[in-house]
Amino acid sequence: MTADTVADPLAAYRLGAQPYYAPTGNEVALFEHAWRHRLPLLLKGPTGCGKTRFIEHMAWRLGQPLVTVACNEDLTAADLVGRYLLDAQGTVWQDGPLTQVVRHGGICYLDEVVEAHPDTTVVIHPLADARRVLPLDRKGELVHAHPDFQLVVSYNPGHQGRGKELKPSTRQRFVAFGFGYPVPETEAAIVAHESGVDLSVARQLVALAARTRTLQAQGLEEGASTRSLVHAGLLVAGGADLRDAVDMAVVSALSDDPEIEQALHALAEACLG
């Protein structure tokens, strides 16, 4: 452990290079307003639309460390706040990722928070209101949030139909804004920048994505995300045939249903010429 690491416990979570992000509206200014007051922030939007990249960009812009936790059904409150562990000297307490950021300042981003175990809301609530405290019940400690601590969470409203939604008591602790997919020209520019394909190819991919998103009313769970288009672009930039790349990154990745796959293949043929 270096002296710099001791002086800055979250040094490893500080972003060096500026993450590429193309604004689609006034989301940068809105985030900065929320940051000034350290308001907890909720980002809503479909899979792969740029929520995580946006947070990375804002953390870099504000010069703050960013600790990201990818939530899943096995993630419990103890995974976030910490637990006692055994070592050669006996039992020692180890802070979880949330506790580290609460103590030392920075942005803690809980990605797809509704996927986490329900007991996580117990620790989120006192951090996301005027108290700004984190109770460590197992340790008997009450951690007051660092002045630079901010909590950001995200979720996909499309999962609400499967029982994945936030309770009102949780939602109303946050300020929120929604993310959608960028307008076509912006999305094409993002795909071209991130993957290295020509803008003309990126436009074809974006046109296909727009068509897939119309299939959501016909049984497709989600349309092609910007992330999926970047994956396809990377394959093409690496020498793959465009149709093969689309089949791998879009068609086969979106559904296993034969009828939907057939519809996606038809859309691909129409959009790729």
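Position 1 is the first residue of the sequence, and the numbers go up from there.
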Short side-chain to backbone donor-acceptor contact, Thr120 and Ala77, under 3.5 Å: no

Linked, directly or transitively: Leu142 and Leu98 (ILVMFWY side chains, under 4.5 Å): no

Verdict with supporting geometry, Glu261 and Ser252, side-chain contact (heavy atoms from CB on, under 4.5 Å): CA-CA 7 Å; Glu261 282 197 70; Ser252 296; 4.2 Å; yes

Under 3.5 Å: donor-acceptor pair, side chain of Ser195, backbone of Val191: yes

Presence of salt bridge, Asp111 and Lys51, under 4.0 angstrom: no

Summary of side-chain hydrogen bond (donor to acceptor under 3.5 Å, both in side chains) pairs that have at least one residue in residues 132-144, sequence neighbours excluded: Arg103-Glu141, Lys139-Glu141

Any donor-acceptor pair under 3.5 Å from Asp129 side chain to Arg131 backbone: yes

Nearest heavy atoms of Val101 and Leu10, plus distance in Å: CA-CD1, 4.0 Å

Under 3.5 Å donor-acceptor, Gln204 side chain and Leu272 backbone: yes

For the student: nearest non-hydrogen atoms of Tyr155 and Leu42, plus distance: CD2-CD1, 3.6 Å

Any donor-acceptor N/O pair, Thr99 side chain to Val81 backbone, under 3.5 Å: yes

Within one Ile-Leu-Val-Met-Phe-Trp-Tyr cluster: Leu229 and Leu220, side-chain cutoff 4.5 Å: yes

Please list every donor-acceptor pair under 3.5 Å in which a side-chain atom of residues 62-71 meets a protein atom from a residue at least two apart or in another chain.
none

Distance under 6.0 Å and angle within 45° of ring axis: Arg213 vs Tyr181: yes

Asp87 side-chain N/O to Gly90 backbone N/O, donor-acceptor pair under 3.5 Å: yes

Residues Arg61 and Glu56 bridged, charged N to O under 4.0 Å: no

Within 6.0 Å of CD in Gln172, more than 12 heavy atoms from elsewhere: no

N/O donor-acceptor pair under 3.5 Å between Arg173 side chain and His125 backbone: yes

Any donor-acceptor N/O pair, Asn26 side chain to Ala29 backbone, under 3.5 Å: no

Heavy-atom donor-acceptor pair, Asp244 side chain to Asp241 backbone, under 3.5 Å: no

Sidechain-backbone polar pair: His37 side chain, Leu39 backbone, donor-acceptor under 3.5 Å: no

Partner residues of Phe179 under the ring-ring contact (aromatic ring centres under 6.0 Å, His included) criterion, sequence neighbours left out: Phe54, Phe177

